[in-house]
Amino acid sequence: MKIFFLNHLSCYINSLADALSQIGHKIYYQTSWNMKEIEAGIAHFRPEMLITVGIDKPMFDPSLDVLPELCEKYSLYHIYWATEDKIHFEGISLPYVRRVKPDMVLTIHPDCVKNYRSMGIESEYLNFAFNPRLFPPKTMKTEEIYEIAFVGTTHLETKTYRYDSLKQLLFPLLQMDVRVDVWGHNWMESKDFLEKEFNASITPSAAHGFLPYKHTVAVYHQSKIMLGIQNARDQVTQRTFEILGSGSLMLASRTEELERLFEHEEEIILSSSPEETIEYARYYLKHPEERMRIGLKARKKILAEHTFERHLNRIWPFIYESFRGKRRETHDRISSFGASISINKA
């Protein structure tokens, strides 16, 4: 199919959009949120489908209110991938869906499927996953220049399970003066808050700022241990699949969902407390063979069960059937409208 992918974030362009292109779809990437430019792109490419993803500042702009009109004008089937579910279902996903009125919502949390369907919107479960093309495997020849690393923005504006995960993983190490190299927004800007709230801080030399998405795999490979901070107990982050899929060792919070998906000390290391975090960190820093063994098994699991290609192939028949249904409705409506004009003229 010809798909118009409207998003400016590389983490979505190089994951979902790139995976769609790999399975045969023709993708038109549009990173501008100027509505005139958006319509010009649609008019030029003549897609059959529009995909929007997640939420970011441009998507709060009132100009997006015309998206339903554009979809009607150009006969576009609109899919929204709700990557803020379930945590921000009420505050982010639901308001956006009500505004732009997509034909289908793909959600990263299975519990939200019934919520969208109860609103009369078709919905399917599409979790975060792995794109092998962006994340080649780690090898024994890779030089590990970082002891422990974490990639991620603070995201402490809202108190979620992320607070607990940081308390289990990152902050105990910092309190013990273990160096953790950190990439992401707001760490140095939040220095006073971190010291007050968590009694911990990141040294300026260990805070590297924003890391472009395509460069994340280099940090994963070059780190002996990657920290897997989680946002919820019943779902996992996209970065989890990418770190494990790259063959790197992840030390993560012990949650119900991670226990369900991966085997402790075989594919991942799961910590239940600050004490366990320190114990596991000390052990695995000294055992490179164990790190490589677990990383290789993690990549094998990800490639077998958690790629975008696998997930998309599972749900695409449902998407295509819904797409065809809308096309039939549009055709019938136009035919009925044309027939009524002919009758009136007669």
Side-chain angles (χ1 to χ4, degrees), residues 1-85 88-89 91-108 116 119-124 126 128 131 134 185 210 212-214 238 308 312 315-316 319-320 322-331 333-334:
M1 299 184 70
K2 297 178 70 176
I3 300 173
F4 192 88
F5 197 89
L6 178 57
N7 198 278
H8 65 288
L9 297 176
S10 61
C11 61
Y12 298 135
I13 293 172
N14 290 293
S15 58
L16 177 62
D18 187 62
L20 285 166
S21 72
Q22 290 180 52
I23 61 176
H25 301 290
K26 295 180 179 180
I27 311 297
Y28 184 101
Y29 301 94
Q30 176 77 18
T31 59
S32 165
W33 290 94
N34 180 291
M35 294 311 297
K36 289 184 179 179
E37 293 178 4
I38 290 172
E39 182 167 8
I42 293 172
H44 169 74
F45 185 58
R46 290 292 175 177
E48 302 160 285
M49 183 178 289
L50 167 70
I51 294 182
T52 56
V53 182
I55 200 72
D56 201 32
K57 288 180 181 179
M59 300 173 76
F60 289 100
D61 194 292
S63 63
L64 258 68
D65 291 346
V66 304
L67 273 184
E69 297 175 22
L70 286 180
C71 290
E72 180 72 20
K73 181 177 179 179
Y74 293 96
S75 300
L76 291 175
Y77 183 88
H78 183 188
I79 293 177
Y80 172 56
W81 189 27
T83 58
E84 300 298 328
D85 290 341
H88 299 293
F89 172 78
I92 292 179
S93 301
L94 196 55
Y96 180 78
V97 166
R98 285 172 172 165
R99 282 179 61 208
V100 303
K101 301 176 177 60
D103 298 290
M104 176 173 285
V105 176
L106 304 178
T107 172
I108 64 169
Y116 293 116
M119 298 165 56
I121 300 173
E122 294 193 61
S123 182
E124 295 291 339
L126 177 65
F128 290 126
N131 180 5
L134 268 290
H185 291 300
F210 172 72
Y213 183 70
K214 285 190 174 181
Q238 178 166 321
F308 276 104
L312 287 168
I315 65 172
W316 202 259
I319 293 173
Y320 188 64
S322 177
F323 164 79
R324 290 181 61 192
K326 183 181 180 181
R327 281 292 171 96
R328 285 194 295 267
E329 290 177 7
T330 302
H331 178 268
R333 186 170 65 250
I334 293 173

Point-to-point distance, once rounded to the nearest 0.5 Å, from [atom1] of [X] to [atom2] of [Y]:
| X | Y | atom1 | atom2 | result |
| --- | --- | --- | --- | --- |
| Ile92 | Ile55 | CD1 | CD1 | 6.5 Å |
| Glu122 | Leu106 | CD | CG | 11.0 Å |
| Met35 | Ile38 | CE | CD1 | 4.0 Å |
| Leu16 | Gln238 | CG | CD | 9.0 Å |
| Glu48 | Tyr320 | CD | OH | 8.0 Å |
| Phe128 | Thr83 | CZ | OG1 | 5.0 Å |

For Phe5, ring-ring contact (aromatic ring centres under 6.0 Å, His included) partners two or more places apart: none

Partners passing ring-ring contact (aromatic ring centres under 6.0 Å, His included) against Phe60 (at least two apart in sequence or in another chain): none

Listed partners of Ser123 passing side chain to side chain donor-acceptor pair (under 3.5 Å), at least two apart: none

Salt bridge (charged side-chain N to carboxylate O under 4.0 Å, His left out) pairs, two or more places apart, involving residues 92-105: Asp65-Arg99, Asp103-Lys326

Residue pairs fulfilling salt bridge (charged side-chain N to carboxylate O under 4.0 Å, His left out) with at least one residue in residues 27-37, sequence neighbours excluded: none

Please tabulate, for side-chain N and O atoms in residues 22-31, each donor-acceptor pair with protein atoms closer than 3.5 Å (sequence neighbours left out).
from: Gln22; atom 1: NE2; to: Asp18; atom 2: OD2; distance (Å): 2.8
from: Gln22; atom 1: NE2; to: Asn131; atom 2: OD1; distance (Å): 2.9
from: His25; atom 1: ND1; to: Met1; atom 2: N; distance (Å): 3.0

Return the minimal non-hydrogen interatomic distance between [X] and [Y], and the atom names on each side.
| X | Y | result |
| --- | --- | --- |
| Val97 | Tyr116 | CG2-CE2, 4.0 Å |
| Ser15 | Phe308 | CB-CE1, 3.6 Å |
| Val100 | Leu67 | CG1-CD1, 4.0 Å |
| Ile3 | Trp316 | CD1-CH2, 4.2 Å |
| Ile108 | Asp85 | CD1-O, 3.1 Å |
| Trp81 | Thr107 | CD1-N, 4.4 Å |

Worked check of side chain to side chain contact (heavy atoms under 4.5 Å, CB included) between Leu64 and Thr52: CA-CA 11 Å; Leu64 258 68; Thr52 56; over 6 Å; no

Trp33 side-chain N/O to Lys57 backbone N/O, donor-acceptor pair under 3.5 Å: no

Worked check of side chain to side chain contact (heavy atoms under 4.5 Å, CB included) between Tyr74 and Glu39: CA-CA 9 Å; Tyr74 293 96; Glu39 182 167 8; 2.8 Å; yes

Any Leu9 side-chain heavy atom under 4.5 Å of Val53 side chain: no

Ring-ring centroid check Phe4 Phe45, cutoff 6.0 Å: no

Aromatic plane relationship, Phe210 with His185 - under 30° parallel, 30 to 60° tilted, over 60° perpendicular: parallel

Greater than 12 external heavy atoms within 6.0 Å of Lys214's NZ: no

Check against side chain to side chain contact (heavy atoms under 4.5 Å, CB included), Lys73 and Ile42: CA-CA 10 Å; Lys73 181 177 179 179; Ile42 293 172; over 6 Å; no

Side-chain donor-acceptor pair present, Ser32, Asn34, cut-off under 3.5 Å: no

Steps toward ring-ring contact (aromatic ring centres under 6.0 Å, His included) verdict (Tyr12, Tyr213): CA-CA 10 Å; Tyr12 298 135; Tyr213 183 70; 8.7 Å; no

